[in-house]
Every structure is written in C-alpha cells, then in structure tokens.
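Below, all heavy atoms of this structure are taken into account, side chains as well, without hydrogens, waters or symmetry copies. In this chain, numbering begins with 1 at the start of the sequence shown.
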Amino acid sequence: MKQFTNLPAELLEYILCFPVLKHVDICNVSCSCKRLHDVCHGRGKVWGHQYKLRWPRLQKHYRQNECCDWLKEYRTRHTVGVQIRRTVVSISQRFFTEVVLGDSFAEIESLGAPEHFCEDELLSILNSDRRKSLTLKYYAKKILYFLRQKNILRSLKMFLEQPSEQQSALEGAVLVDQYCNPLADVSYDGISSQLEEITDKINKMLRIKNPSHPSLRVTQGDCFAVDDFDLQRQVVVTLNAVLYEQLQYKGNECDYYNPLNSYIHQVLLRRTGIPISLSVLYMTLARKLGVQLEPVNFPNHFLLRWCQQQRGSGDIYDFVYIDAFGKGKQLTAKECEYLIGHQVTADYYNAISTTEVLLRMVGNLLNIGKRGEGNEKSYQLLRDSLDLYLTINPDNVQYLLLQARLYFHLGIWPEKVLDILQHIQALDPSQHGAVGYLVQHTLEHIQHKKHPVEPEVKRRSAPEHLELQYSVGLIMKHKRSGYNCAIYGWDPKCTMSQEWITTMRVHQLSSGANQPFYNVLVQDGTCRYAAQENLEPHSAPLEIAHPEVGRYFSEFHDSHYVANEELQTRYPEDMAETLGTSERIGCV
C-alpha cells in the first residue's frame with residue numbers, strides 16, 4: 001500500500017481513472033489515507049472522469065478543460081436523479097385515472113434543480129431497457145414533453161419581443177416545429193445547416209451559368225441584396241432548378257392536411273409541404289442569395305411576392321407572385337385570383353410580418369387539430385397549436401374560448417379554465433352566456449376532484465364474470481379486422497350506449513351485446529372496444545407499439561404485458577402472468 005501511495009500524483013490519477021472503477025470505489029479509496037484523499041479532491045481529474053463517465057450527455061454544458069468542483073456536481077446530479085425518479089413514480093400512482101395530465105408536472109420545477117440535470121435523468125429513464133419500466137418511461141416522457149415545451153414557449157416570447165425587422169420567418173417556423181415536437185431533435189442551427197447545403201448546390205449551379213454572379217462572392221451569414229433584375233432572375237431560376245428538379249421538392253397534394261407538412265424539419269426530411277412551409281423555405285433560400293422576397297397572406301394559398309421596380313411600390317401589378325407550392329411558378333396578380341377561383345381586394349396582396357406568418361402557420365395546425373378524430377393525438381395538436389396562437393395573439397376571444405372548452409372537455413387545469421374565462425369576460429362581455437355555463441360546470445368539476453370516487457375493482461372469480469376467457473395483458477388478434485392489440489380492461493357485458501351498439505352492428509354478432517367486451521390498445525395507436533367472439537390469442541405475440549402502453553403495463557414479459565400496480569388494483573385476480581395456460585388460450 002505504501003509503495004502505491006508513493007507513486008506520483010499524475011500516475012495515481014491515471015490509475016484511478018480506469019473505467020472499471022465506479023464512484024463507490026473512488027469514495028472508498030479516498031477514505032483510505034490522506035494521500036489518496038488529496039489525489040481524489042473534488043476539482044481533480046478523478047471525480048471529473050467519474051462525472052463524465054456516468055453522465056456523458058452533460059458534457060456539452062461545460063467548457064473544455066473547465067475548472068469545476070466535480071464532486072459537488074456529481075452529488076447534485078445524483079440527488080436530482082433520485083428526486084426525479086421518486087417524483088415520476090408518485091405521478092404514476094396519483095394520476096393514473098386522468099386521460100390527459102394537466103399541470104401535475106409543475107412539482108418537478110419546485111425541486112429547484114438545474115434543468116439540464118432534470119432532462120438528463122428523464123432521458124436516462126427513457127433510454128433504459130426497452131421492455132422494462134414502461135410506466136416509469138410513460139410518465140418520464142410526458143414530463144420531458146412538458147419541460148421542453150415550457151422552455152420553447154419562453155424562447156418564442158423572447159423572439160416576439162424583438163423588433164419586427166429582426167425576426168426571421170425561419171426561426172419562428174423552427175420554434176413552432178419545436179413546440180409541437182419537443183421530443184424530436186430539432187434545432188435552428190441544424191435546420192440552418194441543411195439550408196446552407198441547399199444554398200451551396202444553388203451556388204454550384206449558378207457558378208456554371210454566371211461565374212461572376214455577386215451571390216457567389218458572399219460568405220455565409222452576410223446580409224446583402226442583388227439590385228440588378230437580370231441577376232435576381234438568374235438566382236430565382238437556379239433556385240427552382242435545384243429545389244424542384246434536382247432535389248424533387250413538391251407540394252403535398254395527396255396528404256395536404258397532414259401536420260407534418262407544417263413542420264420545417266419534416267419538410268426538409270420528406271421534401272414536401274404546404275404553401276406556407278414551402279414559402280418559408282423558398283424565401284429563406286432566396287434571401288441568402290440576395291433576392292428579397294416578401295410573404296403574402298393570400299386566402300387559401302400562401303404566396304411570395306417579388307418586386308419588379310427599383311423602389312418599393314404599393315401597386316400590386318408591380319410584383320411577380322411566386323407559388324412555392326407550385327414548383328416556384330411565377331404569377332401575375334390576376335393569375336393569383338385564378339389560382340383560388342375568385343376575386344379578392346388589393347389588401348390580400350400586401351406583404352405581411354413574420355408574426356402574421358406564424359399566426360397563419362399555427363392557424364393551419366389548429367384547423368387540423370379541430371378536424372381530428374377526437375383521440376389523444378389530435379387533442380395534443382389542438383392544445384399545442386392553441387398555446388402557440390395565444391402566445392402570439394393573447395387576446396383572441398375565439399381561441400381563448402376554444403382553449404377553455406378544450407380544457408373543460410379533457411377535465412384538466414380547472415383553475416386555469418377559470419382564469420381564461422375571466423380574461424374572456426373582460427375582453428368581450430357579450431360572451432357572458434358561454435362564460436357563465438363553463439364557470440358553473442368548472443366549479444362543479446373542482447368540487448368533484450376534492451371527493452374522488454374509488455375505482456371499481458373487477459374480480460374474475462365473481463359469478464357474473466364466469467364467461468370471461470381472456471385476461472388483462474394478453475396480446476390478441478381481431479378475427480375480422482386483423483389488427484393486433486393488447487387487453488387493458490374488460491366488462492362482462494357491453495356497456496356502451498345503444499346508439500354505439502346500433503352503429504357498430506353489435507346485434508349482428510352471435511352473442512350480441514350480451515358477452516364480455518374488452519378494452520384494447522391497437523397497434524395503429526387507437527383504443528377500441530372489442531367483443532370476445534371477435535378476439536383470439538395471437539399465435540406469435542409481440543409488443544404493441546401504442547403510446548399508452550406504459551400507462552397500464554410495467555413491462556413486456558415473453559408473450560404478454562405485466563400490469564402495473566395501478567392496473568392491478570382494478571383487476572387483482574386478472575394478471576396474465578398469474579393465469580394458467582388453459583385460461584390464457586381461452587378455455588373456460
């Protein structure tokens with residue numbers, strides 16, 4: 001031991017940084033003698049190595065060779081990890097009965113921990129064993145969604161506070177994209193880098209046509225304008241050739257109302273979009289090459305305009321209008337009317353601000369959310385787009401009322417609903433009827449939450465449940481529709497309304513509504529209610545890729561899901577892993 005401690009400090013540090021040594025080993029070593037305690041001091045290489053080894057994702061938050069108390073950082077990060085996991089577990093236990101979680105994640109913020117530590121721990125949970133800790137991952141994902149959205153909304157507010165001439169439509173579009181996809185890897189730098197690659201392709205082709213073109217002499221990031229119209233035309237023609245012919249970008253006519261068409265990272269990935277998203281892309285590329293195009297909020301079809309006069313003009317006939325959705329086709333003012341099939345006033349040809357571009361973009365997403373099928377995905381899109389719209393235009397009574405109604409319908413944030421209604425009443429007293437109705441029922445909801453009803457416990461040993469053949473957690477196949485699904489609940493008889501029973505033609509089944517019905521999570525992301533006679537155990541059971549799996553199950557074990565503690569309280573005798581083989585295959 002004495003020979004070891006007599007080694008130079010640099011060599012001891014090198015030995016103690018071996019990957020096989022964990023933080024517990026370093027703690028034990030540092031307690032063995034004063035010499036090793038000094039070598040393992042908090043700001044030294046040993047604890048720095050331990051910190052970087054355990055949490056590699058956090059290295060981007062530190063400068064290279066930064067002098068830091070790594071032992072203190074290690075302890076803080078470890079404590080935050082324990083607190084986060086404890087909080088995620090408690091959220092799972094308390095909010096199992098809520099279809100959509102409200103502001104229940106605010107307690108994460110109350111921990112007062114560094115945001116990057118919280119996010120790193122949540123990512124650690126999400127990246128753990130794919131088949132295990134499904135419930136922990138389910139709530140960790142929702143918390144991460146909430147935390148990232150809050151930060152993005154803060155960035156959007158800062159963006160909107162900038163002078164209008166400093167606001168970039170691309171940056172605003174990226175913020176919209178990030179807010180609606182907070183778990184995706186979307187960044188302004190990443191999007192800008194992709195646009196630089198497209199710009200390089202345009203310059204390469206432009207160099208062949210005109211080696212002396214002024215756009216070729218501009219370095220990245222410079223702001224400039226090409227004044228000569230012939231030179232501008234060369235840029236526009238080359239831009240069209242690269243974007244639409246070489247890279248095959250096009251308007252998505254076949255799937256126009258897909259929200260992916262509005263997300264700039266998806267437009268770049270799929271090379272398709274709608275008029276406004278393609279216009280933002282087109283306008284950004286043109287400006288990088290010295291051609292100043294302006295956005296036009298044309299009804300039903302977003303356009304760009306290109307001034308053909310030396311000085312700014314207010315005459316709509318002094319502009320060429322570019323249809324980025326139509327492969328960069330150039331239109332006259334009259335041809336724009338032909339495009340939408342009716343005449344419009346001159347106001348619709350005016351250039352609009354970046355804020356108005358974002359309102360149009362978010363408005364499109366809002367309309368898609370309203371067109372949705374009433375599932376969690378469409379509700380989430382509606383919530384996200386309402387958040388964005390009301391951040392940009394906080395006094396829009398129509399959308400404030402829609403937000404209050406949505407929260408009321410989902411049963412979330414009743415206190416926030418009351419605040420929204422109070423704001424609506426102050427803005428527009430004529431809404432007192434709708435406001436009064438929602439206030440009354442929201443107050444009733446708040447009272448109801450104070451006295452929650454105990455969930456019904458279903459025991460398959462009860463006499464009325466003897467016809468049940470399948471258990472919670474089993475992977476099934478629908479005999480008629482062919483879809484794969486996992487059972488997460490059941491009823492001894494159909495409990496749906498008579499209208500639903502008639503619409504779904506339940507009376508045509510051999511046992512009609514008088515047979516067990518199962519709540520199932522379907523592979524396509526939907527939740528359905530299936531009759532027992534239409535289900536059969538899957539011959540080769542596999543995991544079901546459904547976003548709600550973790551809400552009900554803790555892990556996938558061989559051929560079935562294991563119910564989490566919350567689901568077990570409802571079906572205490574119904575766990576797939578406790579049933580015998582004869583019961584699993586449906587033999588009564």
Derivation of the salt bridge (Lys or Arg N to Asp or Glu O under 4.0 Å) call for Arg131 and Glu555: CA-CA 5 Å; Arg131 293 189 168 193; Glu555 64 177 284; over 6 Å; no

Under the side chain to side chain contact (heavy atoms under 4.5 Å, CB included) test, residues paired with Glu161 that sit two or more places apart: none

Taking side chain to side chain contact (heavy atoms under 4.5 Å, CB included) as the test, write out the residues that go with Asp38, two or more places apart. Lys34

Is a donor from one side chain sitting under 3.5 angstrom from an acceptor on the other, for Tyr282 and Tyr244? no

We want to know whether Glu356 and Ser353 form a side-chain donor-acceptor pair, criterion being a heavy-atom distance below 3.5 angstrom. yes

Do His49 side-chain atoms and Cys17 backbone N/O form a donor-acceptor pair below 3.5 Å? yes

Evaluate whether atom OH of Tyr62 has more than 12 neighbouring non-hydrogen atoms of other residues, nucleotides or ligands under 6.0 angstrom away. yes

Any donor-acceptor pair under 3.5 Å linking the side-chain atoms of Glu548 with those of Tyr138? yes

Determine whether the side chains of Asp387 and Ser385 contain a donor N or O and an acceptor N or O closer than 3.5 Å. no

Check whether more than 12 heavy atoms from other residues, nucleotides or ligands sit under 6.0 Å from atom NZ of Lys209, and answer yes or no. yes

Taking everything shown except Lys416 itself, do over 12 heavy atoms lie less than 6.0 Å from its NZ? yes

Taking atom types as modelled, find out whether Gln232 and Asp228 have a side-chain donor-acceptor pair closer than 3.5 angstrom. no

Does Trp47 have Arg77 sitting over its ring (NZ/CZ under 6.0 Å from centre, angle to axis within 45°)? no

Verify the ring-centre separation between Phe117 and Trp55: is it less than 6.0 angstrom? no

Sequence neighbours left out, what passes side chain to side chain contact (heavy atoms under 4.5 Å, CB included) with Asp25? Give chain and number order. Leu21, Lys22

Does either side chain, that of Ser554 or that of Asn564, offer a donor lying less than 3.5 Å from an acceptor on the other one? no

Residues, nucleotides or ligands: over 12 heavy atoms within 6.0 Å of Gln422 CD: no

Taking only residues two or more places apart in sequence or in another chain, which ones pass salt bridge (Lys or Arg N to Asp or Glu O under 4.0 Å) with Arg271? none

Salt bridge or not between Asp120 and Arg57? Use side-chain N to carboxylate O under 4.0 Å. yes

Asp185 atom CG, neighbour heavy-atom count above 12 within 6.0 Å: no

How about CD on Gln162, more than 12 heavy atoms from neighbouring residues, nucleotides or ligands closer than 6.0 Å, or not? yes

Under 3.5 Å, is there a donor-acceptor pair between the Asn258 and Gln266 side chains? no

Side chains of Tyr407 and Ile420 in contact at under 4.5 Å (non-hydrogen atoms): yes

Examine distances only and state if a side-chain atom of Gln246 and a backbone atom of Leu243 form a donor-acceptor pair shorter than 3.5 Å. no

Does atom NE2 of His37 have more than 12 heavy-atom neighbours from other groups under 6.0 Å away? no

Those residues that, when tested against Pro19, pass side chain to side chain contact (heavy atoms under 4.5 Å, CB included) (two or more places apart): none

Pairing donors with acceptors under 3.5 angstrom, does anything connect the side chains of Arg148 and Asn151? no

Report, as yes or no, whether the 6.0 Å neighbourhood of atom NZ on Lys327 holds more than 12 heavy atoms from other residues, nucleotides or ligands. no

Quick note, ring-ring contact (aromatic ring centres under 6.0 Å, His included) partners involving residues 166-217, not counting sequence neighbours, are none

